[in-house]
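Just so you know, these numbers come straight off a predicted model, no measurement behind them.
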Amino acid sequence: MFAILLNNLAFPVLIFLALTFCGFIVTSLVLKTYNKLLLLGSGMIAGLLGFLLVLSLGSYIFKGYWGLWFWFLVYLLICLFLYLKFHKLNKLKELIKFRWSATSLITLIVLFLYTALIFLSAHRALLGGDTTLYFAISTSFAKGNYPTVSSWQPQFLPVYHMGALMLQGAIASLSGKSIELIHYLFSVFSISALMFFITGIVREKTRSVLSVLPAILGVILIGGPVISSELFASFQGSNGGGVVGLGDLIYNNFYALGLGAFLLFAVLFQTKRIILLTVLAALTLAVDETFFLIQLPFLGFLLFKEKTRKAGLIIILLVAFMVVLPNPIRDSVLTPQKAGPRFNLLPLYPKNEQILWNGLGKGSTADQIMEARLKYSGGKIIKNGQNLYYLLDVKLLLVLLFVGWLLTKRDKLILVLILGSFFSFLLSLVLINTFWPPNALRLANQAYNLGFLAFGLILLNLLFSKNKLFKLTSVVIILILVPSLVAAHKDILSKIRIKNHNNFTKTDNYQLLEEINKSIPANKVTLFLDRFPNEAPHSVYNYVSLTHFGTFVPLAPSKAKILNPDPGVEWFDGVNTLAPYALKNLGVEYVYVQDAARVRLSSVRHSQLRNPSYFEKVKEFSGDGTLYKVKNDFKDLKDPEVTIKSLVEMTGQGKNVYLGSFKYPAIRKGLILELAGTNNLYGQIPAHGGDFFMNIEASLPISSDLPIKIDFALINPEFNPNAVLEGNFQKILGNSYAALWKSSD
């Protein structure tokens, strides 16, 4: 066990320590403090952000494995230079000298116990759901994809917060460890940094053991006394709710780093170093744009208050960094969406206008969405088992926070957190993601998170004030929170594993796939024909190659941008029959054909694979399959086989088409996309994330109200539409996966 632990952790930990050293040097120069916890926590965050800055700028020149090593060493040398130039030996001794006291020792013990708790209770985020997106961006950047494009749609920019994902890809490549393990370690590192940083901020004001309380409230409870994953699910209420608990911080670790970047911004805001704050804001944008949006009012305030002559220069500098650094705002501007703008302001919609989500109205008007958002951020009682918990209305929370701030020391940092919470709440009401309306709820959760951090700081100010009523109030509040804290920690403790912990005992058996992917040049679009669909429920080779080895795998339609890798008709036809049109539309340059997949290919396709005019054999992998380079002559061939795409083309345009269910959801969701722009679609309303693209930048209307006449039915080949539809339908054409029927009435 110890040998496995050492093998998994030694190199990644050294890299994290090196990044912490760099951040410690920088923050010790900027913050002018000897507060060890403050420097350690802020240094862990600043170390990551500094490396991101170097990678974002340097990777335009050198990229890939050796490029990452080059810029990592450059970053260390820059930090070493800063240390030698600005840190005298005596000052360094003072910085690292620890003054022992009972409260210091207890505080450290508590913090390191929390680090151990998070380390042991967090588990490896397995491939599936959003991790497919996270891992694909991380590993493709590490392989040399920069400026970053979507690995599953190389024709599009990702339009995503990529900073933390780029860092994880770089650390995975440098350490030689799997992206799953690095994602887990990055989460533990970022959350521990938050704990150290917040506690360090408090210890600037009080040396009490209770200095850890705001960190516990802001990282463990996050939004108030809502304490278990089941509760979080009901609190979240809808897709797009973002982070509402420690588990979400671990899974969505870009948010953890974004929160750390905002806290660093809040601390530095008091120094009024406008240029440094501008660079930090641009880096925050690269990590998580929701925190960047609430930094903008603060930058504007400084420019207005200082009336600096550098205002124009600062604005130009911010815009320049927004152009150079990867971020969703830049990528949205560079890749405008034909189906409409990605983001809108909800108040600009007519009140009674129905807001579509991928063409599905769900009966929600602009007024109804606003009402739902206000309700989401309103006070509510939530039941968990036999226990009831009350969550404050965010508006009431903000009022109480502001009153508490006025009654105590009026700390500028607390005011920044309160205003940040207010700006987040305001944005949650007015911003709308055109193609994913519930997405704004993450801003409401962010408002709770920042508000609860401010609440923790105010609580201590009340506790240590000279006013006895304030002291009593704070004690009562802490006592009220004790049951929630106990339950929250019980939930965390229940997740602890020491033996058989999958982060340390699991070994990824992808050696063959790693060898195959090493034979594919960087940024070449590749299609893998493996045991899916006939002999396996999932296409392991395609998904693992995309996520773990950074290969461009076109796991998405070619004509509409989607956020997550999600296959359409072209991909299905490609992996099923090696259809020439599919390879052309998807831009496929290499094909890997597993021996087990050859049985489903026709004799014509076998002959074409042997033809050097169509396929160039690159390498055989004994006992598994062969890698080919695809020639353009093959992509231009007419295909005699019945593909799903050919069934779509036979429906023509302007027809009423019924879509049934299929054995493979990829077929139905792909058919909806293919037919929605040219025909009227009818059938069961699809489920988001099931047989419908969850986040696609397109309008895909489909109705469950059948018209008088259906012209065509596309269904599972085992079904007969005459059993469910009125009229007389006759089968025209089909294959093993779909059949087209036409009405003869």
Side-chain angles (χ1 to χ4, degrees), residues 128-129 239 357-362 531-539 543 555-557 560 562 564-577 579 582 600 642-652 655-696 698-743:
N239 290 318
W357 181 4
N358 300 349
L360 300 181
K362 293 189 171 181
R531 296 177 184 271
F532 173 85
N534 295 347
E535 298 181 42
H538 305 290
S539 184
Y543 279 96
L555 262 171
I562 61 174
N564 292 82
D566 208 353
V569 163
E570 295 157 315
W571 179 84
F572 191 88
D573 277 340
V575 298
N576 185 42
T577 67
R600 67 173 180 265
V642 178
T643 62
I644 298 178
K645 179 75 168 181
S646 65
L647 300 180
V648 171
E649 292 172 346
M650 293 184 70
T651 63
K655 304 297 184 180
N656 294 333
V657 181
Y658 174 83
L659 288 181
S661 60
F662 295 87
K663 182 178 180 180
Y664 302 103
I667 297 176
R668 191 167 195 259
K669 66 175 65 175
L671 285 172
I672 293 174
L673 175 61
E674 292 292 329
L675 290 162
T678 57
N679 291 278
N680 307 311
L681 295 185
Y682 299 91
Q684 181 182 355
I685 297 298
H688 281 85
D691 54 359
F692 194 70
F693 294 108
M694 185 169 180
N695 190 358
I696 186 169
S699 181
L700 306 177
I702 181 172
S703 175
S704 59
D705 298 325
L706 299 183
I708 296 175
K709 180 186 177 184
I710 290 290
D711 299 306
F712 291 95
L714 264 167
I715 59 174
N716 189 313
E718 297 177 0
F719 297 157
N720 188 325
N722 291 298
V724 294
L725 298 176
E726 292 185 6
N728 183 23
F729 288 86
Q730 296 181 350
K731 185 175 180 179
I732 302 175
L733 198 63
N735 56 29
S736 300
Y737 309 100
L740 179 66
W741 295 65
K742 184 178 181 179
S743 172

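The ring-ring contact (aromatic ring centres under 6.0 Å, His included) test applied to Trp571 returns Phe532, not counting sequence neighbours. Among residues two or more places apart in sequence or in another chain, the side-chain hydrogen bond (donor to acceptor under 3.5 Å, both in side chains) test is passed with Tyr682 by none. Listed by chain and residue number, nothing satisfies the salt bridge (charged side-chain N to carboxylate O under 4.0 Å, His left out) test with Arg600 (two or more places apart in sequence, or in another chain). Partners of Asn564 according to the side-chain hydrogen bond (donor to acceptor under 3.5 Å, both in side chains) rule, which considers only residues two or more places apart in sequence or in another chain, are Asp130.
No side-chain donor-acceptor contact under 3.5 Å links Asn679 to the backbone of Val657. Side-chain atoms of Tyr737 do not come within 3.5 Å of backbone N or O of Asn716 as any donor-acceptor pair. Side-chain N or O atoms of Asp573 include none that pairs as donor or acceptor with a backbone N or O of Ala579 at under 3.5 Å.
Contact record, Gly734 with Val642: O-CG1, 3.7 Å, taken as the closest heavy-atom pair. Residue Pro557 comes nearest to Ile562 through the heavy atom pair CD-CD1, 4.0 Å, listed as atom of the first residue, atom of the second, then distance. Looking at every heavy atom in both residues, Gly670 comes nearest to Val569 through C-CG2, 3.4 Å. For the pair Ala713 and Leu725, the tightest heavy-atom approach, listed with the atom from each and the gap, is CB-CD1, 4.1 Å. Closest non-hydrogen pair, Gly568 versus Phe693, comes out as CA-CZ, 4.2 Å. Scanning both residues, Ser736 and Pro717, for their nearest heavy atoms gives O-CG, 3.4 Å.
Distance check: Glu570 CD to Leu555 CG gives 12.5 Å after rounding to the nearest 0.5 Å. Put simply, CD1 on Ile696 and CD1 on Ile672 are 10.0 Å apart, with the number rounded to the nearest 0.5 Å. A distance of 10.5 Å separates NZ in Lys655 from CG in Asn680, rounded to the nearest 0.5 Å.
Residues Pro533 and Tyr664 meet the side-chain proximity criterion, which asks for heavy atoms closer than 4.5 Å. Counting only heavy atoms from C-beta outward, the side chains of Leu675 and Leu714 approach each other to under 4.5 Å. The closest side-chain heavy-atom distance from Leu740 to Thr651 is below 4.5 Å. Side-chain atoms of Phe662 and Leu671, non-hydrogen and from C-beta on, do get closer than 4.5 Å to each other. Asn735 places none of its side-chain heavy atoms less than 4.5 Å from the side chain of Thr643.
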Just do the side-chain contact (heavy atoms from CB on, under 4.5 Å) check on Ile732 and Trp741 with the steps written out, would you? CA-CA 5 Å; Ile732 302 175; Trp741 295 65; over 6 Å; no

side-chain contact (heavy atoms from CB on, under 4.5 Å) assessment of Ile715 paired with Tyr658: CA-CA 8 Å; Ile715 59 174; Tyr658 174 83; 4.1 Å; yes

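In this structure, Gln684 places its CD atom where only 12 or fewer heavy-atom neighbours from other residues, nucleotides or ligands lie under 6.0 Å away.
For the salt bridge (charged side-chain N to carboxylate O under 4.0 Å, His left out) condition, no pair includes a residue of residues 717-743, sequence neighbours left out.
Classification of Lys645 and Glu674 as a salt-bridged pair holds, one side-chain N sitting under 4.0 Å from a carboxylate O.
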N/O donor-acceptor pairs under 3.5 Å from side chains in residues 703-712, not counting sequence neighbours:
| unit_1 | atom_1 | unit_2 | atom_2 | d |
| --- | --- | --- | --- | --- |
| Ser703 | OG | Asp705 | N | 3.1 |
| Lys709 | NZ | Asp745 | O | 3.4 |
| Asp711 | OD2 | Asn656 | N | 2.8 |

